[in-house]
Structure formats: structure tokens, C-alpha cells
Amino acid sequence: MNRVFMIGNLTKDPEVATTSNDLVNCKFTLAVSRRYGSKETDFFSVICWRAMAENCGKYLRKGSRVGVCGSIQNKNYETSDGQKRYSVEIVADEVQFLSTKNDDLNELPEAVSVPAASTGKRGKIADLKPVEGDEDLPF
């Protein structure tokens, strides 16, 4: 089983790119504090794809607090000068927007979670409408 859950803050603005196959991806680095009073912080490279990548690029900024659920992926490659390199990244299945550095940004819903394989059964972020009053609540 390869599963990771973490909560942390973005160290810089996310980078959105498109592959040659027109797949959108978003990369960011997540700073995660260690538990139990340790002042140490670990930094993880995170990548997400498709609609989730577009939303992360649109709504996240340096300092944004997010929860990430995904899997760990190891990569190895050889540089142009022949040296072997290894890297580890988190491939996000879900990204939960917990806060932003500037909480006065009105365009970000309080919490947004977008599954990696969106089948259209769940509403898209653009389809969400704010609730005006208590009479609109279904309970």
C-alpha cells in the first residue's frame, strides 16, 4: 500500500504547465512541520493533474495551507553529464484547500476538494453557488 496524507503550507506559488498531450499539471512544494514540538520542517514536491491542477494553479499561492492525499513516486534519471539522480514526489489524488496566506481573498471557497478522476458526478467548483440565507439550507 502506497498512501500518504499531509497538511502543510506552500513554499512558493504553484507552477502550472501543459504536457505535449495537452494534460495540465501543477507542481508545488509543501512545507510540513514535524510532530511533537520538533522545530524541524520537511519539504515535499507535489504534483497534481487535470482539473485539480487547474484549480490549484488558480486558487493557491505561497503560504496557502492545504491537505494532500496521494501516493509517493520515486524517479531516477541521468543528467547530461552522466550522473545518476533520484527524486521523490507526491502524486496528489486529492488537495483540500484549508486556508490562504491572505484570507481576504474572496474568490476561494472556505474548503474545496477536487478528486483526481473527476467523472462529472460531483459538481465542479465553477458550479458551486453561495448559500444566501438559512432558508436555502436543505436541513
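All values derive from a computational prediction rather than experimental measurement.
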If I compare all heavy atoms of [X] with all of [Y], which pair ends up nearest, and what's the gap?
| X | Y | value |
| --- | --- | --- |
| Pro14 | Leu60 | CD-O, 3.4 Å |
| Cys48 | Ala53 | O-CB, 3.5 Å |
| Cys26 | Cys56 | SG-CB, 3.9 Å |
| Ser71 | Asn2 | CB-O, 3.4 Å |
| Val32 | Gly8 | CG2-CA, 4.3 Å |

Rounded distance (nearest 0.5 Å) linking atom [atom1] of [X] with atom [atom2] of [Y]:
| X | Y | atom1 | atom2 | answer |
| --- | --- | --- | --- | --- |
| Asn76 | Asn74 | CG | CG | 8.0 Å |
| Asn25 | Ile47 | CG | CD1 | 4.5 Å |
| Glu94 | Gln96 | CD | CD | 8.0 Å |
| Tyr77 | Ser87 | OH | OG | 5.5 Å |

If hydrophobic residues (ILVMFWY) are linked whenever their side-chain heavy atoms come closer than 4.5 Å, directly or via other members, who joins Val24 in its cluster?
Val16
Taking the side chain as everything from C-beta on, heavy atoms only, tell me whether [X] gets closer than 4.5 Å to [Y].
| X | Y | result |
| --- | --- | --- |
| Thr29 | Leu10 | no |
| Cys69 | Arg3 | yes |
| Met6 | Ile90 | yes |
| Arg85 | Glu78 | no |
| Ile7 | Arg65 | yes |
| Val88 | Tyr86 | no |
| Val68 | Phe5 | no |
| Trp49 | Leu23 | yes |

Give a yes or no on whether the backbone of Lys62 and the side-chain of Asp13 come within a donor-acceptor separation of less than 3.5 Å.
yes
Please answer whether the main-chain N or O of Gly63 pairs with a side-chain N or O of Asn9 as donor and acceptor at a distance below 3.5 Å.
yes
Under the side-chain contact (heavy atoms from CB on, under 4.5 Å) rule, what do Phe43 and Thr11 come out as? Steps first, then yes or no, please.
CA-CA 9 Å; Phe43 299 90; Thr11 61; 3.7 Å; yes
More than 12 non-hydrogen atoms from neighbouring residues, nucleotides or ligands closer than 6.0 Å to CZ on Arg34, yes or no?
yes
Verify the distance criterion only: is there a donor paired with an acceptor across the side chains of Asn21 and Thr19 at less than 3.5 Å?
no
